[in-house]
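So that the names make sense, note that chain A is the first sequence line, chain B the second, and so on, each numbered from 1.
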There are 2 protein chains.
Amino acid sequence: MVIEAELLADEVGLANISLAALAERLGVKVPSLYKHVDGLPALHRLVEVRAKSEIADVLARATVGRSRDDALDALAFAYRDWARRHPGRYEATVTAPSADDPSSMEASGRAVGVMFDALAGYGLTGDDAIDATRSFRAAIHGFIALEAVGGFGMPRDVDLTFRRLVAALRLSLGEWSRVSA
Amino acid sequence: MVIEAELLADEVGLANISLAALAERLGVKVPSLYKHVDGLPALHRLVEVRAKSEIADVLARATVGRSRDDALDALAFAYRDWARRHPGRYEATVTAPSADDPSSMEASGRAVGVMFDALAGYGLTGDDAIDATRSFRAAIHGFIALEAVGGFGMPRDVDLTFRRLVAALRLSLGEWSRVSA
DNA sequence: CAGCTTTAGCTAAGTAGATTAGCTTTACGG
DNA sequence: CCGTAAAGCTAATCTACTTAGCTAAAGCTG
C-alpha cells in the first residue's frame, strides 16, 4: 500500500497525494485505508522514512570502493538520478526528521552519514567536514529542486550545467581548508 | 488582502494558507474573499508574482554599485536574509512561472536577470554565464531550503557554514572558465 | 470440525475547507 | 434623489479526511 502511495507521489507530487486517489488506485473505499495506515499525516511519515532509507542505500551503493573526486562524482550523479526518477519520494527526503520518531531520525541520519563519510575522504574533519557536507547537500538539492519545478528556463542543456556544478564542487572541496569565510 | 495572505504564508508556510484562516484574520466570512480574489489558486499566483517581484527588487538594491566578489557576496547574503525573514514568500518565489501569465513570466525573469547581470561582472558570457547563474541559484536556494526545513541538525553554527559556501562560490566563479566537466 | 479471533473490507455520518448563487447594504457620482 | 458598483452576507454544494460500528472471510485452536 505504501508502495502505491509512493508511485502516486512520484506521479502527482508529494503534496498532492490524497487518500481518495490512493483508494481509487487500490480499488478500495477510502475508509478501508485506515486499516493500514493511521491517516494522511501518518502516510506522509511512512513515505518519508522509506524514502530517506532508500536514498541512503542508493548513495551508499554508489560510493562503495570510491574516494575523493571519484566518490563525489558518484554521489552527485546517483543523487540527482534517483531524484529525477522518483520526484515524489525525493520531496519526502527533504523533510525535517520528526524528533519524536526514532525511525525517522535514524533514516535521516543514515542518508547524511553516507555523504559525510564520502566527503571525509577528502581528509576533512570536524567543522570542515560539517561545512562541506552541508554545502554539498545544499548545492545538489538546490539544483534538483529548481530543475524539478522547471526553474531552468534558459536554452542550455541542464545535464551540462549539472556536470559543471559538480566540477565546481570538486574544485572547492579539493581545497576546502583554504575556503574560508 | 494579499498583504495579509503574505503575512499568513510567512507564519504557517505557503502550502498551509487557507481561505478560512485568511478570512478569520481579516474579520470577514470566507465567501467575501471571492470579491477580491478568484479562489485559492489565484491567491497563490498573486503571492507568487508579488514575491518574485519583491525579491528581484531586494537583489537589485543589494548589488547596485558592486561588482565581482563584492556583488556576489551582497547577492548571496541579501538573498538568504530576505528568505529567512519571509519564508512563505520565499517558497512562493520557487515556483515555475505560469507560461500563460505574462506578469509571472516577467517577475521570474527579472529576479533571474539580476543574478545573471551580477555574475556577468565576472566576465562570463553565453553558456558560461548560464551555468554560473544556475549553479549560484542552486547552491543558495538549496541552502535556504534545507535550513528552512531544519535540515541542518549537526552542532555547528549555520551562519558560518553559509559564509563558507559563499566563499566556495567565489572561488569557483572566479575561475569558472576553468571549471569544466 | 466448531468456535473464536484477527483482518480487511464496507456503509453511514460528521467535520472542514473551497466554491457558487443570490441577497443586502453602503457609498458615491450624476 | 437615484442608480450602480463594491463588499459584505447566508445558504447550499462539493470534495476530502476521519470515526464508529457492522460484516465476511481467513486462520488458528482446542
Give the rounded distance in Å between these two atoms: CG of A:L33 and C1' of D:dT19. 14 Å
To the nearest angstrom, how far is A:L40 atom CG from C:dG17 atom C1'? 14 Å
Distance-only donor-acceptor test (3.5 Å): side chain A:K29, base C:dG9: no
With a non-hydrogen cut-off below 4.0 angstrom, is B:V28 in contact with a base, only sugar-phosphate, or nothing? sugar-phosphate
Expressed in angstrom and rounded to an integer, what is the separation of A:L19 atom CG from C:dA8 atom C1'? 16 Å
Between D:dA7, C:dT19, C:dG9, spot the one nearest the side chain of A:K35, thanks. C:dG9
I need the OH-C1' distance between A:Y34 and C:dG14, as an integer number of Å. 13 Å
Check each of A:L22, A:V47, A:L7 against A:V2 using the side chain to side chain contact (heavy atoms under 4.5 Å, CB included) test, and report the only one that passes. A:V47
List the atom of A:V37, the atom of A:L43, and the distance in Å for their closest heavy-atom pair. CG2-N, 3.6 Å
For the residue pair A:L146 and B:R137, establish whether any side-chain heavy-atom pair is separated by less than 4.5 Å. yes
For the pair made of CG in B:N16 and C1' in C:dA16, what is the distance, rounded to whole Å? 15 Å
Tell me the interatomic distance from A:D38, atom CG, to D:dC17, atom P, rounded to whole angstroms. 14 Å
Assign A:S18 to base, sugar-phosphate, or nothing according to its heavy-atom contacts below 4.0 angstrom with the strands shown. sugar-phosphate
Looking only at side-chain N and O atoms, does A:S32 come under 4.0 Å of OP1 or OP2 in C:dC10? yes
Is A:W82 close to A:I55 at the side-chain level, that is, under 4.5 Å between some pair of heavy atoms? yes
Should A:P97 and A:K52 count as side-chain neighbours, where that means a heavy-atom distance under 4.5 Å? yes
Could you tell me the separation between the CG atom of A:L22 and the C1' atom of C:dA8, rounded to a whole number of Å? 15 Å
In whole Å, what is the span from the CD atom of B:E24 to the P atom of C:dA16? 13 Å
Strictly below 4.0 Å: does B:H36 bring a side-chain N or O up to OP1 or OP2 of D:dG8? yes
